[in-house]
Amino acid sequence: MAKSQWIVGNWKMNGLVADLDQIEALSTLLSQQSRNTPENAPEIIICPPVSLLGQAVSRFGERAIGFGAQDCHHRTNGAYTGDISPSMIKDLGAQYVIVGHSERRTEHGETDALIQTKAQAALSAGLHVIICVGETASQRNSGQALKVVLSQVKASLPEGFGDHHLAIAYEPVWAIGSGRVPSDGEIIEMHRAIKGLLVEMAGEEKAAAVAILYGGSVNAGNAQAILALPDVDGALVGGASLKADSFFSIIAAAPIKASSHSD
Ligand code: PGA
């Protein structure tokens with residue numbers, strides 16, 4: 001069975017109101033292409049800063065792009081200054097949220113346990129969730145990459161994950177914003193291992209429902225090769241998602257792949 005890929009743009013702390021024009025431009029490029037788009041075209045998602053999320057949804061929410069936030073709190077409301085809850089994100093009309101990005105793990109001290117609680121809360125609020133995992137350079141250099149990432153996956157995934165629309169983004173910390181990407185073999189090995197763990201945790205069918213994305217220095221030049229690798233179900237894109245042209249090139253590079261399970 002063919003499975004559509006997820007192409008997710010993470011704008012991070014970038015973008016002012018004028019930059020919504022990039023989404024307008026992307027939307028135009030997508031509509032020009034849509035005559036030739038097969039049924040299972042990629043699922044396109046943009047996660048702008050939350051300051052732009054409401055406007056993005058109201059201007060472009062009817063088009064072929066889904067919208068999400070870059071983080072959420074694990075509670076619905078309360079005395080949590082500066083935080084945004086999953087139900088607030090949902091209330092804006094957005095459908096997705098990223099949790100556990102390495103920049104949050106590092107700069108805000110987020111743990112797997114907290115990320116799991118956030119993911120659980122987001123799913124309960126009816127959002128689709130993208131959970132990020134990834135090893136540091138020193139963890140990879142000391143041969144710990146698989147162990148670290150699999151333990152993050154295990155501890156960050158919420159219960160019943162296979163019943164939801166959920167993705168895991170494998171993002172080596174050393175590849176984010178650096179222009180360096182792992183070798184094909186390293187990506188294949190990690191994605192296969194994550195897939196194997198999901199099967200162990202939830203069985204073939206539920207594991208197959210989880211998309212495993214690659215993130216870290218994906219750009220218009222390397223997207224096609226990365227997205228064609230086995231068990232790569234899409235990409236989480238930072239810098240190259242900020243401009244319509246480069247993000248569109250990545251979307252256009254997404255292949256239609258047979259899913260790797262036996263249906
Ligand atoms: P990058 O960021 O594409 O700029 O490397 C990816 C991410 O951090 O999600």
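Atoms within each ligand, like the ligands themselves, are counted from 1 in listed order.
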Pick one: which of [options] meets side-chain contact (heavy atoms from CB on, under 4.5 Å) with [X]?
{"X": "Glu135", "options": "Pro182, Ser102, Pro172", "result": "Pro172"}
{"X": "Pro158", "options": "Thr117, Val129, Ile131", "result": "Ile131"}
{"X": "Ile212", "options": "Arg192, Met190, His191", "result": "His191"}
{"X": "Cys72", "options": "Val99, Asp83, Ile98", "result": "Val99"}

Identify, by atom number and element, the atoms of ligand 1 in contact range of [X], meaning under 4.0 Å from any of its heavy atoms.
{"X": "Glu171", "value": "6 (C), 7 (C), 8 (O), 9 (O)"}
{"X": "Gly216", "value": "5 (O)"}
{"X": "His101", "value": "7 (C), 8 (O), 9 (O)"}
{"X": "Gly239", "value": "1 (P), 3 (O), 4 (O)"}
{"X": "Leu236", "value": "9 (O)"}

Salt bridge or not for Asp71 and Lys118, using N-O below 4.0 Å? yes
Between Asn10 and ligand 1, which part of the residue brings a heavy atom under 4.0 Å of the ligand: side chain, backbone, both or neither? side chain
With under 30° as parallel and over 60° as perpendicular, where do the rings of Tyr214 and Tyr170 fit, or are they tilted in between? perpendicular
Closest candidate by heavy atom, reference atom 5 (O) of ligand 1, pool Gly238, Ala235, Gly177: Gly177
Less than 4.0 Å is my threshold; does some heavy atom of Ala240 fall inside it relative to ligand 1? no
Please tell me whether Glu43 and His165 have a donor and an acceptor in their side chains that are separated by less than 3.5 angstrom. yes
Could you find the nearest protein heavy atom to atom 2 (O) of ligand 1 and give me its residue, atom name and distance? Lys12 NZ, 3.3 Å
